[in-house]
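A, B, ... follow the sequence lines: proteins, then strands. Residue 1 opens every chain. The analysis underlying the following values was restricted to heavy atoms, covering all of them including side chains, and did not include hydrogens, waters or symmetry mates.
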Amino acid sequence: MFRSHTCGELRPEHVGQEVTLAGWVHRRRDHGELIFIDLRDRYGITQVVFDSITAATHQVAEQSRSEYVLQVRGCVRPRPAEAVNPQLATGAVELEALDAQILNAARTTPIYIAQEGGEDEALRLKYRYLDLRRERMQRNLILRHRVIKFMRDFLDQEDFLEIETPILIKSTPEGARDYLVPSRVHPGKFYALPQSPQQLKQMLMVAGYDKYFQIARCFRDEDLRSDRQPEFTQLDMEMSFVEQEDVLVLLERLFTALCQTVVPQKRLLTPFRRLSYAEALERYGSDKPDLRYELELIKLDDLLANTPFQVFRGALDAGGQVKGLRIPGCGGYSRKQLDELVELAKAGGARGLAWAALPAAGGEVRSSFGKNLGAGEMEALVGRMQAQAGDLLLIVADQAAVVAASLDKLRREFATRLNLADPNTLHFSWVLDFPMLEWNEDEARWDARHHPFTAPLDADLHLLASDPGVVRAKAYDLVLNGYEVGGGSIRIHRRDVQQQVFDLLNISRETAQAQFGHMLEAFEYGAPPHGGIAGGIDRIVMLLADESTIREIMAFPKTQQASDLMTAAPSSVDERQLKELHIALR
RNA sequence: GGGCCCGUGGUGUAGCGGUUAACAUGCAGCCCUGUCAAGGCUGAGAUCGCGGGUUCGAACCCCGUCGGGCCCGCCA
């Protein structure tokens, strides 16, 4: 045994006991004859005092440097009243070192452990094992552990079974790009890593495991974002004999209890608000709106029905929309600041951004487009947007999707600038009634928006043949503070409806047989009605931890170029390995 | 595939056409018995990511390249 206690454990009740601690030198304060060392492990920090009276022990402290690994035997004693450190959990006591040894020395570390630095993230990733020693990362990984532990315990209580599914599976061309694994035994053939265990969990429903879950690693070979890594973890669930409402209610109970347990200090809004996909896009321009603040998009089409302004006119004539945002108190923006906003709108796909600034003192409206408007139109816009002196009005005219994307960008930007989103609030919501299909312009065909097994709303079933674009699905997303943290659907379990959907998606019988034959066959042997959901654990933990990238809550994340800077993966491999796998590089 | 931003001692920054490349912190040595971001003194440490170019002269300007970040496309 290297230690009798951890560095976070000692309290006044331990006074007088002889204990042994082991840990890293967090900080050293050398006063000559007296040396203080803060000894750290993942449980905390304990101050160890080395007095020159114990000469050999004192010498160990003299030689010690930051991040040396020490073992110290000593006596727990109370600190003098004026030397108590209320910042430390162990701050009422200290360890009087009687005997100590250096278990291992350490080079000067490239990053400081004791201080949260602003270093280049690449450096942190290269030396991740040092970065992970920091309190922040430990706190995040501990939170992550608690989240996953809670999910397992909760679902166990609800009679769910955690069942593992394979990592080496069959590739299907649907969805994201697959990570492929070559087969040695089958020349020229490949496994794929799962984008999600979708088909497998549906097979488990056919098999009668009516409440399944898994903490499932998923892989998608797509470009990265701050909330997207090539491998990530989902809470994957599937249930039989359930309707959409059952799934929503269960998940709401799960996440409510989860948040109340692991982040009780946060304000959780319940019940979760529900809004349709159409409403979300209409009011917020996003299917994952941050509802902690309002700042809604305002529809202006009807006021401009006869406008002479070509930009608005053109958009409306082309079947598009004109919508705006009222930004309170930003009417004083400079030309340069406004130009930045125009660039932001363009990043969202808009060709431009019309703005109107109302002076704080009242008077003439400054705007990029006022002179092009017809009589009374500016007044009508100002009225509709309920603009007040000092406000800034931002207006985009384009196709609905472009208007939504660009105003969503602006809406989120101003939430940040104006501090509208309370970081301490968790605002979950359900986005429902997604369109089932999506028109693929490039390929001129319908694509499944969720996946091809998603069931249509019963009320829309009859439209499948006549007007597929308006058919809504029994699909639902769980949204938290502007992030999609979960999504799922009720699946089709009727063979005739499935065939109808395949026909719509232009999936031939042969293709369906080749790609999904095993599922279709399985469904002929008594498939129960079923549905499920998958939650993005990384994103949820990120939000609960108040972090802005999921890299901060993963032990060993990858860079935007999908490389691991610590191990230098991916890497070249031996010619012999390639040969065994029947692979020739081009 | 595209747009924008970043790269200077171990670390974080300043310098933005001529400087002995500055500051903080860390590091090393010495002094110091109540510190907890300990303090004091002394010192070492950077060919400015890399490669070209412009210039009498480049950390600084230009081109390319590598690495990192944010976003668009992509992510059923």
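- Under the Watson-Crick or G-U wobble criterion, with both distances below 3.5 Å, B:rG18 is paired with B:rC56.
- Among the nucleotides B:rC70, B:rG67, B:rG34, the one closest to any side-chain atom of A:Ser226 is B:rC70.
- The shortest distance between the side-chain N/O atoms of A:Ser563 and the OP1/OP2 oxygens of B:rG68 is below 4.0 Å.
- Rounded to the nearest Å, the gap between the C1' atom of B:rG7 and that of B:rC50 is 11 Å.
- For the pair A:Ile53 and A:Thr559, both in contact range of RNA chain B, the more 5′-proximal nearest nucleotide belongs to A:Ile53.
- In this structure, A:Asp477 does not pair ionically with A:Lys288, as no charged nitrogen and carboxylate oxygen lie closer than 4.0 Å.
- Across all strands shown, the partner of B:rC41 is B:rG29, judged by Watson-Crick or G-U wobble contacts whose two distances both fall under 3.5 Å.
- Base pairing of B:rU11 is made with B:rA24, judged by Watson-Crick or G-U wobble geometry with both donor-acceptor distances under 3.5 Å.
- Taking only distance into account, the side chain of A:Glu121 never meets the base of B:rG67 through a donor-acceptor pair shorter than 3.5 Å.
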Dump the intermediate steps for side chain to side chain contact (heavy atoms under 4.5 Å, CB included) on A:Lys474 and A:Ser489, then the final yes or no.
CA-CA 5 Å; A:Lys474 290 178 181 170; A:Ser489 65; 5.6 Å; no
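- Across all strands shown, B:rC70 forms a Watson-Crick or G-U wobble pair with B:rG3, both key distances being under 3.5 Å.
- For A:Arg65 and A:Tyr68, the positive end is not near the middle of the six-membered ring at less than 6.0 Å and at most 45° from its axis.
- When each of A:Ala448 and A:Gln561 is assigned the nucleotide of RNA chain B with its nearest heavy atom, A:Gln561 is the one assigned upstream, toward the 5' end.
- A 3.5 Å limit on both hydrogen-bonding distances identifies B:rC63 as the Watson-Crick or G-U partner of B:rG51.
- Between the base of B:rC36 and the side chain of A:Asn85 there is a donor-acceptor pair shorter than 3.5 Å.
- Atom P of nucleotide B:rA37 and atom CD1 of A:Ile45 are separated by 10 Å, given to the nearest angstrom.
- You'll find a donor-acceptor pair under 3.5 Å spanning the side chain of A:Asp30 and the base of B:rC32, going by distance alone.
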Please determine whether ring-ring contact (aromatic ring centres under 6.0 Å, His included) holds for the pair A:Phe453 and A:Phe516, giving the CA-CA distance in whole Å, both sets of side-chain angles, and the decisive distance to 0.1 Å.
CA-CA 10 Å; A:Phe453 309 106; A:Phe516 310 117; 5.2 Å; yes
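- Using atom P as the reference point in both B:rU20 and B:rA58, the two lie 15 Å apart (nearest Å).
- Rounded to a whole Å, the CD atom of A:Gln560 is 6 Å from the P atom of B:rG69.
- At B:rC27, none of the side-chain N or O atoms of A:Arg28 fall inside 4.0 Å of OP1 or OP2 (strictly under the cut-off).
- When the side-chain nitrogen and oxygen atoms of A:Ser66 are compared with OP1 and OP2 of B:rG26, none of them lie within a distance under 4.0 Å.
- Here the side chains of A:Ile102 and A:Val60 are in contact, with some heavy-atom distance below 4.5 Å.
- You cannot call A:His31 stacked on the base of B:rG39; the centres under 5.5 Å and planes under 30° rule is not satisfied.
- Counting only heavy atoms from C-beta on, A:Arg65 has its side chain closest to B:rG29 among B:rC74, B:rU35, B:rG29.
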